[in-house]
Structure formats: C-alpha cells, structure tokens
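Numbering of ligands and ligand atoms starts at 1, following listing order.
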Amino acid sequence: MESALKEQRDGESVVDLSTPVGGVEDVYGEDCATEDQCITPWTIAVSSGYNLLRDPRYNKGLAFTERERDAHYLRGLLPPVISTQELQEKKLMQSIRQYDVPLHKYVAMMELEERNERLFYKLLIDNVEELLPIVYTPTVGEACQKYGSIFKRPQGLYISLKEKGRILEVLKNWPERSIQVIVVTDGERILGLGDLGCQGMGIPVGKLALYTALGGVRPSACLPITIDVGTNNEKLLNDEFYIGLRQKRATGQEYYDLLHEFMTAVKQNYGEKILVQFEDFANHNAFELLAKYRTTHLVFNDDIQGTASVVLAGLIASLKLLGGALCDHTFLFLGAGEAGTGIAELIALEISKKTNAPVEETRKRIWLVDSKGLIVSGRKETLQSFKKPWAHEHEPVNNLLDAVKAVKPTVLIGTSGVGRTFTKEVVEAMASMNERPLIMALSNPTSQAECTAEEAYTWSEGRAVFASGSPFPSFEYNEKLYIPGQANNCYIFPGFGFGLVMSGTIRVHDDMLLAASEALASQVTEEHYAKGMIYPPFADIRKISAHIAASVAAKAYELGVATRLPRPADLVKYAESCMYTPNYRSYR
Ligand SMILES: NC(=O)C1=CN([C@@H]2O[C@H](COP(=O)(O)OP(=O)(O)OC[C@H]3O[C@@H](n4cnc5c(N)ncnc54)[C@H](OP(=O)(O)O)[C@@H]3O)[C@@H](O)[C@H]2O)C=CC1
Ligand SMILES: CC(=O)C(=O)O
Ligand SMILES: [Mg+2]
C-alpha cells in the first residue's frame, strides 16, 4: 500500500531543490516500477536560478519566498514583491476574462501551462465551469483547426510514419518516465470536425489536462501522443503552416503495423499497467483497435466506452424525471458510429443485467439512424459489423422525422456529428409523444450539436429534459430557468482512469463502465433534480471523480484484475488521498 501511495501522492509539503547551480537531481528513481523503466538516455535537471524560473513544473513566479529566493539563486531575478498563489490566480483570471475571443483565452491558458504548471491547474480546478469550455470543447476544436498557426512550442509526443521501427527510441526521448496514462489520437475524427491530421494533438493535450484537473492524475504521469500517418484533409495538405506529414493517410497493413509497433513499445517501456486511451480515431479503425488490444493491454476507447458510460449515467438519473425503469423506454439515435453504437450497447447491457433478459432481446428497444436512414434488417448485408446488432425487423425509413414517427422513442440521442439535425419538426414530434421527452444533442463542438438548448426547450414548450456534448448556457423560458446538462465523457474518463491507475488494474471490463455510470448517477441529488438536471455540476467534479474512481477500482478488485494489494478498505478516501493537488510546495 505504501508504494501505491508514494506513486500517487505528490509530496505536498517540502521539495528538496537544494542541488548546486545547474546540478542534476534524478527525480524518477523511486517511482519506477521496474529497473528497465529507469533506463533512458538522460536524466532530468532540476535547476536553480534563472532556469528554475523557466521550469514550468517548479516555477512559482512571484510566489517564491525570501528564503527560497536566497536558497535558489533567485535574488534580483524577480521584482521585490512576494505574491501568493491566490493573488496570482486572481490576477490571471482577471487577465483571461479580458479576452473576448475564446481562442485567445485558450492560448493564454496554454502559455500559462508552459510557464507555471501548478498555477495552470489551480486556475482550472478552481474555475472549472468557466475554463472547461476553453481548454476543452468547444474551443479546443477551433484550436486544433488552427493549430498550425497558433503552434509555438510542441506539446506531447509526435510519432509519425518517419519513426517506423524506432518508436521505442522515440518514447525514451520523453522527459518523464513514470507515465501512467497515455491519450493517443491519429487525428482522423477530431470531435465532429473530421480529419485534422497531426493538428489533432490539441485533443490528447486537452484530455490529459482534464485527467489532472478533474481526476487528480499527476501531470508528470500523463503523456499526450499523436500518431501521424498523414491526412486526407486537402485544406491542411495545402496549408503552408500545416505541421504534419504532407501525404494521404496510410491505411491497411501499413497503418496497423505502425499501431502495433506503438502498442508493443508502450508496454515494453512503461509496463503492463500503463493506461492507453484511444481518442478520436475514425470508426473504421477504432472498433478494431479496441477489440485487438483490450485482451492484451490496459486500453480504453473514450469515444465508444467513456461516452457510453456518461450517457448511461444521465439516463439512469433521468428516470427520476421521466418515470419508469430503463427497460420501459425506447431509444432512437441519430448517428450509428463509435458514440452511437457504444452507448446503445451499454444501455442494452445495463437493461440485460437489471432484467436478466439476454442482450439480444434488450437491444430491440434501441434503434439507430445513420446517413442512409433507419438501420433495419433489409440493410444487414451492407452494414459495417458494429451496426449489424441493431438491424431490427422494420420497413425502410429514410429520415429522422419518419423514424421518430415509426419508432416512437422516449429518448432521442444525437451522435451524428452534424449540427441542427434535430429540427423543429423532430423535437415537436418527440414532445407530442412524450410528457417529458429526453433529448441529448451529443455532437461536438457546439457548431455540430444536433440542436441547441434553447431550441429543445422552446420547441418542446419547456417539457424536454436536455443535455448536450458541449456546454450551453442556462435558458429562461416562460419565466422558468432551465439548466441544460453537459453529457460529455469528461465526467467519466478522468475518474475512470484514476480508478484503474490507483488500483493497478491491468484490463478494462464493461462492468467497470456500468459501475462508473452508477457512481456518476448517484451524485445527482434531489436539489439537482428540482432544477431539471440529470448531471451534477462540474464544480463538484473532484468529489465525483473520487466516487467514480472508487467504484471502478472496487469492480476491478471484485473481478480480480486489480494488482495493488491489499485493497484499501475505504476506496473513496483512498482516491481522495492520492489525488494531485496544485497548491505550491515549499522548497528547501
Ligand atoms: N458528448 C460526448 O461526450 C461525445 C460526443 N461525440 C460526438 O459525437 C459525434 C460522432 O462521433 P462518432 O460516433 O465517433 O463518429 P462516427 O463517425 O463514428 O459516427 C457518426 C455517425 O453519424 C452518422 N451520420 C453522419 N451524418 C449523418 C446525417 N446527416 N444523418 C444521419 N446520420 C449521419 C454516420 O453515418 P454513416 O455510418 O452512414 O456514415 C455515423 O453512423 C462527434 O461530433 C463527436 O464529437 C463523440 C464522443 C463523445
Ligand atoms: C467528447 C469527445 O470525446 C468527442 O467529442 O470526441
Ligand atoms: Mg473524443
């Protein structure tokens, strides 16, 4: 147990930086799980003086005390005033609020992260509802689109086809060794914005910032990776500022060989317990990669599994408002890709567990529409394999409105990546059939949402229960305030991943996703329901993540895939005690 704590705890009190000027302190040593992991071509220098001020992990800016300024050769390098972290935070929030353009706020936040990591996380944690839309969706989408132009310093690790045969070597170039979570993308389906190639890097960077801020994983244990196999985005290929390989995407064996080399190198370099989160791969690769590696590696596909878990949580919570049990409802999806079929499968599994009915039966209450219309048995031969389980007996139906009329859903979920597809007619049809229709417009960023909160509330005359993937502001209708929920996988993956890491879990199991959903739903209180909410506020996310982590870890122990022994008695307390906090530490 002690070693687990040592790996997770962040040494809140005193850090010894008392090495000579330019001296070298091996900060890894004790965190390495195996001897092998400690062999890298170089060690890290923890600097004093000028270099300390430029080391984001240790820099405190004006908050260095008189004693620290003496001990670490900082005299004269800073103006005389001594600030507090709280005052620095106040000043930075004031400065960020002065920008009108969200992308400018994004750039300011990234610059802060490069300058002073702890202050960056303090801001993000203390102002999560305000800053989440900046470092995450929707602004991160725009940042990826313009990444080539705003790019200043590389973040994360780039592995391109040029590195084929040398991926292990590339991993060893990363300065941190005790990595616990990797978020990797190949940039082919960035949010609902399509193929952004190498510029997708904004997504792993953003997701991992949330791993730390929302879930409590140490920043030094997080590694964002972009695998660059080219892009089919002509605009980027012709953009002189594009930062990636200027070629069409590699496919087939060439693609899978590179991914296999990557997965093998990751395990070799970081061991069995490294968590690899696949993010924003196109569905023609995502399902296959997950199926291939889920039995040999600790992998998690956020778009398929994380999204499923967050939506199921919202559905469980919404029963208080809609009435009935999950098995009494009928679900219709617009979009039958990673998110759509991933959610559908987890709903079917949950109903199956609750009713003891086989999954083949419980799937029958769930219908999906793709770009060609309702998925029905007549289309089975031509469907991709992940759609086949949803090809129920029915006449062909070509569009969403007709599908709503035919299926009569109580719940409508948008996972199409196409904005404004929940038209007035569609929402009105939902409202005509249901006292409280549940409408989820999950596609990101905001421009791709199937409808806005305002549309859902007004077109349903205030009766819809609504949640979206990207945030919408509260909306007043007929003198009543409506608070839309944010059904985004960021409620789940930080706590989910933290639960895996803290318990030393070696494989992800679907039951852990169900446990995470139950844990999230359990955080919705009567007070929230009274406001029409089906998700708890993000302001409580650290507490929520600790509960999710504890539930996931408990399930992992129950299934015998957790290696951190003995099992802590109180997993919530244990999770809380292991979480990274960004308060400054004192330096000897
Ligand atoms: N809120 C959240 O937490 C999350 C949100 N998302 C969002 O969900 C969206 C989809 O992601 P993902 O499932 O991975 O993408 P996929 O590409 O895997 O799936 C998209 C699906 O939408 C269908 N589709 C596309 N256009 C239309 C249309 N005009 N009418 C009907 N169906 C259409 C596609 O049909 P076809 O198969 O015929 O091509 C496909 O089935 C993205 O915007 C993403 O940002 C994703 C993950 C998490
Ligand atoms: C939220 C997310 O993972 C997506 O839109 O892809
Ligand atoms: Mg995603």
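- Contacts between D302 and ligand 1 below 4.0 angstrom, taking non-hydrogen atoms only, are absent altogether.
- A side-chain donor from one of S517 and S309 sits under 3.5 Å from a side-chain acceptor of the other.
- Summary of contacts: the protein heavy atom closest to atom 5 (O) of ligand 2 is N444 ND2, 2.8 Å.
- Contacts with ligand 2 closer than 4.0 Å are made by no heavy atom of I203, backbone or side chain.
- Among all non-hydrogen protein atoms, the one lying nearest atom 19 (O) of ligand 1 is G337 CA, 3.3 Å.
- Ligand 2 has at least one atom lying under 4.0 Å from a heavy atom of L191.
- As for D280, its N/O/S atom nearest the Mg ion (ligand 3) is the one called OD1.
- K387 and N283 are not linked by any side-chain donor-acceptor pair at a separation below 3.5 angstrom, with hydrogens and angles left out of the test.
- Counting just the N/O/S atoms of E279, the one with the shortest distance to the Mg ion (ligand 3) is named OE2.
- Of the protein's non-hydrogen atoms, R189 NH2, 2.8 Å is the one closest to atom 14 (O) of ligand 1.
- Heavy atoms of N444 found under 4.0 angstrom from ligand 1 belong to the backbone as well as the side chain.
- Among protein heavy atoms, the minimum distance from atom 16 (P) of ligand 1 is reached at N283 ND2, 3.5 Å.
- Remark: E142 engages K146 in a salt bridge, criterion side-chain N to carboxylate O under 4.0 Å.
- Near K207, with a cut-off below 4.0 Å to any heavy atom, the atoms of ligand 2 are 1 (C), 2 (C), 3 (O).
- If you look at T307 next to ligand 2, there are no close heavy atoms at all, none under 4.0 Å.
- Counting only distance, with no hydrogens or angles, the side chain of Y147 and the backbone of I243 share no donor-acceptor pair below 3.5 Å.
- The Mg ion (ligand 3) is closest to atom OD1 of D303 (considering only N, O or S atoms).
- Compare A487, S470, A336 by their heavy atoms: the one nearest to atom 40 (C) of ligand 1 is in A336.
- Numbered from 1 in the order shown, with element, the atoms of ligand 2 that lie under 4.0 Å from a heavy atom of D303 read 2 (C), 3 (O), 4 (C), 6 (O).
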**OP:** Take Y242 and N233, measure what side-chain hydrogen bond (donor to acceptor under 3.5 Å, both in side chains) needs, and give me the verdict at the end.
**Re:** CA-CA 11 Å; Y242 181 54; N233 183 328; over 6 Å; no
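- Ligand 1 has no N or O atom lying under 3.5 Å from any N or O atom of Q384, backbone or side chain.
- At under 3.5 Å, a nitrogen or oxygen of N489, whether backbone or side chain, sits near a nitrogen or oxygen of ligand 1.
- Looking at atom 47 (C) of ligand 1, its nearest protein heavy atom turns out to be T307 OG1, 3.3 Å.
- The distance from ligand 2 to the heavy atoms of Y136 drops below 4.0 Å at these ligand atoms: 1 (C).
- Using a 4.0 Å cut-off between heavy atoms, E338 contacts ligand 1 through both its backbone and its side chain.
- A donor-acceptor pair shorter than 3.5 Å cannot be found between the side chains of T362 and S352.
- By the 3.5 Å distance cut-off applied to N or O atoms, L442 is counted among the residues near ligand 1.
- Within a 6.0 Å sphere centred on NZ of K320, other residues, nucleotides and ligands contribute 12 heavy atoms or fewer.
- At the shortest separation from atom 37 (O) of ligand 1 among protein heavy atoms lies K387 NZ, 2.6 Å.
- Taking every heavy atom of both residues into account, N488 and G469 meet most closely at ND2-O, 2.9 Å.
- The shortest contact between atom 8 (O) of ligand 1 and any protein heavy atom is with S443 OG, 3.8 Å.
- Taking a cut-off of under 4.0 Å to the non-hydrogen atoms of E279, the atoms of ligand 2 that pass are 3 (O).
- A side-chain donor-acceptor contact under 3.5 Å links E450 and S443.
- Looking only at heavy atoms of the protein, atom 13 (O) of ligand 1 is closest to A339 N, 2.9 Å.
- Exactly one residue among Y482, Y477, F472 makes a ring-ring contact (aromatic ring centres under 6.0 Å, His included) with Y457. That residue is Y482.
- Of the protein's non-hydrogen atoms, the one nearest atom 34 (C) of ligand 1 is S371 N, 4.3 Å.
- Residue-level proximity to ligand 2 for T137 is absent, since no heavy atom of it falls below 4.0 angstrom.
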